[in-house]
Amino acid sequence: MKFDVKKAREDFPILKTELKCGHPLVYFDNSATSQKPLSVVEAVSDFYLRYNSNIHRSAHELSENATRAYENAREKIQSFFKADDSYSTIFTRGATESLNMVAQVWGGSNLKPGDEIILSEAEHHANIVPWQIVSEKTGAKIKVAKIREDGSFDFEHFLSLLGKRVKVVSVAHAYNVLGSVNDVKKIAAAAKECGALVSVDAAQSAPHWLDALSGEIDFLSVSAHKCYGPTGIGVLVGKRELLDSMPPWQGGGDMIENVSWEKTTFRASPARFEAGTPDIAGAIGFGAAVDYMNSIDSEGAKLHENELLARLADALSEIKGLRIFGWAKGKLPIVSFACDGIHQNDISTFLNTQGIAIRSGHHCAEPLMKTLGVSGTCRASLAFYNTAEEVDIFAEKLSRAVKLLS
Ligand code: PMP
């Protein structure tokens, strides 16, 4: 049965928002953050309205309910990412914090001068800068795997970088600018042959129901807000044994076993890495987002997204002067482009006057912009609740923008 996009849109009240410009909203900025279904908004407000309380610490009923909901959310998320008991799921502020935790805590305590870290050319700053910081501190060196012309990962080049000195490989499952999807299971298998740790940034792939985990992946970083959940919450799914061998990240309440002036001891993961009162409502909202994603016909949604992508690519190929970046097979519905002689911000500003929300700039991927030879791009990023009509409106208005601004 064909994916019922009309029905899916009913779950997202914001899609009916009236804009100042008077045009209907076309929301094509899903890679920056996705919209939230009513069930997520209700789960968050339900917590505050009915059982707001701090978790883990009290015997009273509200606290018990809050603790149960928080821990249930953790279980749901862990199973959504198909992580078995050898993994532990830690709540973080998002993919950025998860990646920082891997770099600073694992990297900070395991890397030494002469060690090597492999990243790739199209990474988001969240998977570059934390490694640069740790490389400064430890003397480990960063090596960069190349991207091919079509935006796909150059596996042969990656293989040529591997060796005994490589201690960690950290790559995106899908790129936020190019939309290409990496075969992270294959990358992880090759990395493991050298004994390297494998960290995967699943911020962009998770919202599209792409499974990343294989037993060879040690850490998976995700943000809830790109998966139809709240902002400011995410997870680090990590190998339990590894996590428990790592020193704590922050000290404070909940992460300790015993505290004394003489010696303080720490709990096992996940508590070990969740110091202080966490974002309880956010975690519950993330759990609701996972429930929502589980309720969607994911195969139908993926097919629908692919149809939208093909329609968009066709329409854009008709517009003279556009350069599209990334056309690898199997890519996500993310299309980045530039138009010679027109600044990317002028295009997105014009589109905004027509009710169309896209993003322009370097998308937190400045090294990639350098490789592409541009200061920035426009990026249209789609979700399963977008429609073919929206793609047509977008293509028509973009064509007008290019004519007007040329
Ligand atoms: N990695 C990728 C590939 C991303 O696209 C993003 C968000 N743009 C991040 C990491 C960081 O996510 P967050 O800002 O939610 O922490």
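Basis for what follows: all heavy atoms, side chains included, without hydrogens, waters or symmetry-related copies. As the structure lists them, so they are numbered: ligands from 1, and atoms in each ligand from 1.
V168 and A196 get closest at one heavy-atom pair: N-CB, 4.0 Å.
Salt bridge annotation for R74-E71: present, with a cationic side-chain nitrogen under 4.0 angstrom from a carboxylate oxygen. The existence of a salt bridge linking R267 and E257 is excluded, since no basic side-chain nitrogen approaches an acidic carboxylate oxygen closer than 4.0 Å.
With a 4.0 Å heavy-atom cut-off, ligand 1 is reached by no atom of H363. Contact annotation for A172 and ligand 1: no heavy atom of the residue comes within less than 4.0 Å of the ligand.
For atom 11 (C) of ligand 1, the nearest non-hydrogen atom from the set I334, T33, T96 belongs to T96. With distances taken over non-hydrogen atoms, the option nearest atom 9 (C) of ligand 1 out of E97, R93, R359, H124 is H124.
Ligand 1 has a nitrogen or oxygen under 3.5 angstrom from a nitrogen or oxygen of S223. Between S31 and ligand 1, not a single N/O pair is under 3.5 Å apart.
Under the 4.0 angstrom criterion for non-hydrogen atoms, D201 is in contact with ligand 1.
Close approach of ligand 1 to H225 (heavy-atom distance below 4.0 Å) involves ligand atoms 13 (P), 15 (O). Counting atoms of ligand 1 from 1 in the listed order, those under 4.0 Å from a heavy atom of N176 are 5 (O).
Shortest contact from atom 8 (N) of ligand 1 to any protein heavy atom: K226 NZ, 2.8 Å. The protein heavy-atom contact nearest to atom 5 (O) of ligand 1 is Q204 NE2, 2.7 Å.
With T377 as reference, H363 is the one residue of R359, R323, H363 to meet the side chain to side chain donor-acceptor pair (under 3.5 Å) rule.
Ring to ring, F337 and F325 are not that close: their centroids are 6.0 angstrom or more apart. Ring-centre distance between Y70 and F91: below the 6.0 Å cut-off.
Although no hydrogens or angles enter the test, the distance criterion places a donor-acceptor pair under 3.5 Å between the side chain of S34 and the main chain of H225.
Annotation: cation-pi geometry not satisfied between K239 and F219 (NZ/CZ under 6.0 angstrom from ring centroid, within 45° of ring axis).
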